Amino acid sequence: MGLLRTILIILLVYFGFKILARLFAPLLVRFVAKKAEQKFGEQFGGFQNPNQQRQQQKENEGETVIDKMPNKSKSSNDKVGEYIDYEEIE
């Protein structure tokens with residue numbers, strides 16, 4: 001009798017947990033997704049200081065802004081290497 005009672009309690013706990021998981025899993029997933037969205041927003045969009053926000057508002061749409069000119073001291077080397085003529089040996 002004790003074994004049957006133990007098995008019945010285990011089955012009730014298992015099915016009870018299964019039903020509760022179906023009810024609360026979507027709420028838990030929504031909560032986790034909302035927290036992840038907040039962290040993502042803090043990392044990539046929430047750290048603009050007020051000066052940058054004002055500057056972005058002043059810029060017109062389609063306007064090109066150059067913050068830094070590239071260094072012109074770099075020059076390309078025209079002589080890359082020698083041309084070596086070769087013949088295939090069979």
Side-chain angles (χ1 to χ4, degrees):
M1 195 65 150
L3 179 65
L4 183 62
R5 186 175 177 185
T6 305
I7 292 174
L8 192 62
I9 290 173
I10 290 173
L11 287 175
L12 285 174
V13 169
Y14 173 73
F15 286 115
F17 180 74
K18 209 171 170 184
I19 291 170
L20 289 176
R22 284 189 183 198
L23 291 174
F24 291 115
L27 298 174
L28 182 65
V29 169
R30 270 190 238 133
F31 176 75
V32 170
K34 191 180 291 187
K35 284 294 183 183
E37 181 183 353
Q38 286 175 354
K39 285 185 180 183
F40 182 77
E42 288 174 2
Q43 283 181 343
F44 294 104
F47 289 122
Q48 291 183 346
N49 59 19
N51 292 335
Q52 287 178 341
Q53 289 176 351
R54 280 190 226 118
Q55 183 181 10
Q56 286 178 353
Q57 290 173 352
K58 289 180 184 178
E59 293 177 5
N60 294 333
E61 185 176 336
E63 181 180 349
T64 304
V65 178
I66 300 174
D67 292 334
K68 181 181 174 186
M69 294 294 292
N71 294 334
K72 294 186 178 182
S73 62
K74 295 181 181 179
S75 62
S76 63
N77 189 359
D78 292 336
K79 185 176 179 181
V80 177
E82 291 183 58
Y83 177 75
I84 299 175
D85 191 23
Y86 68 94
E87 293 181 19
E88 281 190 33
I89 300 174
E90 293 182 17

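Here the structure is a predicted model, which is why all the values come from computation and not from measurement. The residues of the chain are indexed from 1 along the displayed sequence.
Summarising the geometry, atom CD1 belonging to Ile7 is positioned 12.0 Å from atom CG belonging to Leu12; distances are rounded to the nearest 0.5 Å. Between the CD1 atom in Ile9 and the CG atom in Leu4 there is a gap of 10.0 Å [rounded to 0.5 Å]. A distance of 8.0 Å separates NZ of Lys39 from NZ of Lys35, quoted to the nearest 0.5 Å.
The two residues Pro26 and Ala21 make their nearest non-hydrogen contact at CD-O, 4.5 Å.
Transitive grouping of hydrophobic side chains (ILVMFWY, heavy atoms separated by less than 4.5 Å) keeps Leu11 and Ile19 in distinct clusters.
Clustering of Ile, Leu, Val, Met, Phe, Trp and Tyr by side-chain heavy atoms under 4.5 Å joins Phe17 with none of the others.
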